[in-house]
> 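Before I ask anything, here is the structure I am working with.
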Amino acid sequence: MSTLKADTIQSTSGGAATLTKQTAVKAYMDLKGTGTISVRGSLNTSTATDNGTGDFTQNFTNSFANNDHSSWMNCANEISSAHNVSIGHYEITGGGLVTGSLRGFIQRSSGLDVDNADVNYGTVGDLA
């Protein structure tokens, strides 16, 4: 049996190796969403934006090639009321779909917006 050990794997042109026949997470963010927000861990995330109570945007370092990708968001339930979570690739000032960010909203089951200390985003798809 052989063992392959490597610190870095690159394509023959020197860039990142392309995964074939696989779908890998191309962006994720672990966000502290209470008080002054902060990104605790991330991949392909340049910044996070606090748009208001329960309303956060993950800004990608490298945009996605198109809007044909899949994203998710979840959060820890720190209070007795369950949280409803919704996401969308929305422009903050527009209304059209974008490939450079992911905006998420958190609400209590009562419909009131709520911040959360543990907010997580993930996206799979093709990068530009």
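Numbering of residues begins at 1 and proceeds along the displayed sequence.
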> In Å and rounded to the nearest 0.5 Å, what is the NZ to CG distance from K32 to N116?
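Nearest 0.5 Å value for the NZ-CG distance: 11.0 Å.
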
> Would you say the side-chain atoms of S13 pair up with the backbone N or O of S11, donor to acceptor, closer than 3.5 Å?
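Looks like no, no N/O pair under 3.5 Å.
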
> Between Q58 and Y121, which heavy-atom pair has the shortest distance, and what is it?
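Looks like OE1-CB, 3.3 Å.
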
> Going by atom types only, do T49 and T57 share a side-chain donor-acceptor pair under 3.5 Å?
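No, no side-chain donor-acceptor contact under 3.5 Å.
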
> Identify the residue among T123, V25, N62 that makes a side-chain contact (heavy atoms from CB on, under 4.5 Å) with N44.
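Looking at T123, V25, N62, the match for N44 under the side-chain contact (heavy atoms from CB on, under 4.5 Å) is N62.
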
> By side chain to side chain donor-acceptor pair (under 3.5 Å), which residues pair with T47, not counting sequence neighbours?
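Here the qualifying residues are N59.
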
> For S63 and G100, work out which heavy atoms get closest and say how close.
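Looking at all heavy atoms of both residues, the shortest contact is OG-CA, 3.5 Å.
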
> List the atom of A48, the atom of V39, and the distance in Å for their closest heavy-atom pair.
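So the two residues come closest at CB-CG2, 3.7 Å.
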
> Should T53 and F105 be marked as a side chain to side chain contact (heavy atoms under 4.5 Å, CB included) after you check the CA-CA gap, both sets of side-chain angles, and the distance that decides it?
CA-CA 9 Å; T53 304; F105 307 91; over 6 Å; no

> Looking at every heavy atom in both F60 and T99, which two are closest together, and how far apart are they?
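Residues F60 and T99, closest heavy atoms: CD1-O, 3.5 Å.
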
> Not counting sequence neighbours, which residues clear side chain to side chain donor-acceptor pair (under 3.5 Å) with D113? List them please.
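Q107.
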
> Could you report the tightest heavy-atom contact between R40 and V119, atom names first, then the distance?
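For R40 and V119, the tightest heavy-atom pair comes out as NH2-N, 4.3 Å.
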
> Within a strict 4.5 Å, meaning less than it, do heavy atoms of the N120 and D118 side chains meet?
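A side-chain contact under 4.5 Å exists here.
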
> Given 3.5 Å as the limit, does a donor-acceptor pair link the side chain of S42 with the main chain of D30, or not?
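The answer is no, because no donor-acceptor pair under 3.5 Å joins these two groups.
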
> Taking the basic N atoms (NZ, or NE/NH1/NH2) and the acidic carboxylate oxygens, is any pair closer than 4.0 Å for R103 and D55?
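So R103 pairs with D55 through a salt bridge.
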
> Heavy-atom distance under 4.5 Å between the side chains of L31 and F56, does that happen here?
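They are in contact (side-chain heavy atoms under 4.5 Å apart), so the answer is yes.
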
> Any chance you could measure S46, atom OG, to M29, atom CE, to the nearest 0.5 Å?
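With rounding to 0.5 Å, OG (S46) is 10.0 Å from CE (M29).
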
> Output the distance between atom CZ (F64) and atom OG (S70), rounded to the nearest 0.5 Å.
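F64 CZ to S70 OG: 10.0 Å, rounded to 0.5 Å.
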
